2 protein chains.
Amino acid sequence: MDDQLSRVFSALADPIRRDMVARLAVGDATVNELAEPYSVTVQAVSKHLKVLEDAGLVSRSRQAQRRPVHLEAEVFDLMTKWIERYRQEAEQRYRRLDAVLAEMAAEDPNPAQTRVPQTRVQGEAS
Amino acid sequence: MDDQLSRVFSALADPIRRDMVARLAVGDATVNELAEPYSVTVQAVSKHLKVLEDAGLVSRSRQAQRRPVHLEAEVFDLMTKWIERYRQEAEQRYRRLDAVLAEMAAEDPNPAQTRVPQTRVQGEAS
DNA sequence: ACCGAAGTCAACCCCAAGGTTGAACAAGCA
DNA sequence: TGCTTGTTCAACCTTGGGGTTGACTTCGGT
C-alpha cells in the first residue's frame, strides 16, 4: 500500500476493522476488550489494530501494560474530501448533460423544463 | 468480500481504480480509453472495472462492440453515511468526556486508585 | 522476587488480489 | 463471408492479507 488514502480505504474494507472503529467511536478500549466479541485470537486483533494505526485511524497510548486504543476521527476527512470531489464532478456532469438536453429540446414547442431525466446517456468521452 | 460496504471500500483502496473513478467523473469512457494511461494490459483494466462494477460504483452498457463505462455516484452515499455516523459519535464523545471531567473535577476530590490520564480515560466495552 | 495478565513479535499456512499471456467471443466493416 | 477491433474468459504466477500457534517482553499485584 502506497499512499495514506489507499491505506485508509483498505483498512475500512474489512468488516471487523469497521466494527472496531464503530466501537471505538463510543469509547477507547484495550486490545483484549476489542478482541472479545470476535472469534479470532487476540494476536489477529493486534494485527488489525496495526493496520488501523498505519492508516492513521487509531492511536495507541501506553498505560501500564495496557495500550488503550483511541480513534482518530480526523483522517475521515481525507476520505470525505476525496469522495465529495468526484461526486460533485459527476453531479456537475449531470447538470451539463441536462443543459445540453434542454438546449436540444429548445427546438421543440415544449418550453425546456426541469424534467431531470435519470437517463444514462453515454457515448461522449474525452 | 461480503457486504457492499466492504466491496466499495476495497474497490477504492487501489490507486488505479481511484484514478479511474476520477476520470469517469469527467465523462464516460471505454475500456481501451481507460487502459491507455497505465502501463498494464487492457485485461488488467477489465478486471479493475469488474471490481468497480461489483461494488456498484460503475455500470457498463452495450454500444456496438464497445462497453462504455459509467460512474454511478450514488454509492458514495453509502460510505459517507457510514463515515459521518462514527465521526459524529466520536465528536459527541469528546463533548461528553469534557463534561464528565468537568463534573469530576467539581465533585470528587480524588477517586481511589485512579491515576488520572491526560484526557483519555476509558475502558468499558462489552 | 515471583507469577500472571496484556500485548507484541516471528514463523508459518491458505487463499484472494493484481498481474501476465493466450485464446475466445461479439459486432461492425471489407 | 471473412477480417479487424473491442472486450472478456481461462489458466497461471507471485505477493500480500488474515488467520493460527508459540515464544517473548513488560508491567503490577502480592
Side-chain angles (χ1 to χ4, degrees), chain A residues 1-3 6-21 24 28-55 57-70 122-123 125-126, chain B residues 1-3 6-21 24 28-55 57-70 112-115 117 120-126:
Chain A
M1 284 304 159
D2 279 317
D3 51 322
S6 295
R7 283 196 296 267
V8 175
F9 276 120
S10 183
L12 294 179
D14 188 295
I16 290 190
R17 286 195 290 261
R18 278 202 311 280
D19 198 50
M20 287 178 175
V21 168
L24 289 169
D28 297 1
T30 68
V31 177
N32 273 288
E33 287 165 357
L34 284 170
E36 247 183 83
Y38 314 109
S39 57
V40 297
T41 63
V42 70
Q43 290 98 319
V45 170
S46 189
K47 278 195 189 179
H48 280 304
L49 286 173
K50 183 154 182 27
V51 173
L52 289 172
E53 192 176 24
D54 289 348
L57 280 161
V58 135
S59 68
R60 282 182 279 186
S61 57
R62 171 141 255 144
Q63 209 179 55
Q65 318 97 306
R66 288 171 194 75
R67 310 286 317 274
V69 182
H70 175 76
Q122 52 273 90
S126 72
Chain B
M1 284 301 158
D2 279 317
D3 50 322
S6 294
R7 283 196 295 268
V8 175
F9 276 120
S10 184
L12 295 179
D14 188 296
I16 290 190
R17 286 195 290 261
R18 278 203 311 280
D19 198 50
M20 287 177 174
V21 168
L24 289 170
D28 297 359
T30 68
V31 176
N32 272 291
E33 286 164 356
L34 284 170
E36 248 183 81
Y38 313 110
S39 58
V40 297
T41 62
V42 70
Q43 290 97 320
V45 171
S46 189
K47 278 193 188 179
H48 281 304
L49 286 173
K50 182 154 182 30
V51 173
L52 289 171
E53 192 176 23
D54 289 347
L57 280 162
V58 135
S59 68
R60 283 183 279 186
S61 57
R62 172 142 255 143
Q63 209 179 55
Q65 321 96 307
R66 289 170 194 76
R67 310 286 318 273
V69 182
H70 175 77
Q113 263 194 19
T114 309
R115 64 211 133 255
R120 288 181 194 152
V121 51
Q122 266 311 333
E124 287 313 308
S126 83

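Just so it is clear, the structure is predicted and the values come from calculations on it, not from any experiment. Below, chains carry the letters A, B, ... as their sequence lines are ordered, and counting in each starts from 1.
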- line: Side-chain contact check for B:Arg17: nearest option of C:dG18, D:dT8, C:dT8 is C:dG18
query: Where the side chain of B:Arg67 is concerned, which of C:dG19, C:dT8, D:dT8 is the nearest nucleotide?
result: D:dT8
Grab the [atom1]-[atom2] distance between [X] and [N] for me, whole Å please.
{"X": "B:Leu49", "N": "D:dT7", "atom1": "CG", "atom2": "P", "answer": "10 Å"}
{"X": "A:Leu12", "N": "D:dG18", "atom1": "CG", "atom2": "P", "answer": "12 Å"}
{"X": "A:Glu53", "N": "C:dG7", "atom1": "CD", "atom2": "C1'", "answer": "12 Å"}
{"X": "B:Asp14", "N": "D:dG17", "atom1": "CG", "atom2": "P", "answer": "13 Å"}
{"X": "A:Arg60", "N": "C:dC9", "atom1": "CZ", "atom2": "P", "answer": "8 Å"}
{"X": "A:Asp2", "N": "D:dT15", "atom1": "CG", "atom2": "C1'", "answer": "14 Å"}
{"X": "B:Glu36", "N": "D:dT7", "atom1": "CD", "atom2": "P", "answer": "11 Å"}
{"X": "B:Glu33", "N": "D:dT7", "atom1": "CD", "atom2": "C1'", "answer": "13 Å"}

field: Pairing residues for B:Lys50 by the side chain to side chain contact (heavy atoms under 4.5 Å, CB included) criterion, not counting sequence neighbours
entry: B:Asp54, B:Arg60
Partner set under side chain to side chain contact (heavy atoms under 4.5 Å, CB included) for A:Ala35, not counting sequence neighbours: A:Val42, A:Val45
For A:Arg17, salt bridge (charged side-chain N to carboxylate O under 4.0 Å, His left out) partners two or more places apart: none
field: Separation between CG of A:Leu49 and CG of A:Leu24, rounded to the nearest 0.5 Å
entry: 7.5 Å
query: In chain order, what residues pass the side chain to side chain donor-acceptor pair (under 3.5 Å) check against A:Asn32, with sequence neighbours excluded?
result: none
- request: May I ask you to evaluate whether B:Asn32 reaches the phosphate of D:dT7, defined as a side-chain N or O under 4.0 Å from OP1 or OP2?
  value: yes
- prompt: Reckon A:Thr30 has a side-chain N or O less than 4.0 Å from the OP1 or OP2 of C:dG7?
  reply: yes
task: Please report the shortest heavy-atom distance between A:Arg18 and B:Phe9, naming the atom on each side.
output: CD-CE1, 3.9 Å
message: Contact list please: residues 39-48 of chain A against DNA chain C, heavy atoms, distance less than 4.0 Å, in numerical order.
response: A:Gln43, A:Ser46, A:Lys47
query: Are any of the side-chain heavy atoms of B:Gln63 and B:Asp28 separated by less than 4.5 Å?
result: no
query: Can you find a pair of side-chain heavy atoms, one from A:Leu12 and one from A:Leu57, that are under 4.5 Å apart?
result: yes
message: Enumerate the salt bridge (charged side-chain N to carboxylate O under 4.0 Å, His left out) contacts for residues 35-48 of chain B, please, sequence neighbours excluded, ordered by first and then second residue.
response: none
Using a cutoff of under 3.5 Å, can you pull out all pairs of nitrogen or oxygen atoms linking the protein to nucleotides 25-30 of chain C, with atom names and distances?
none

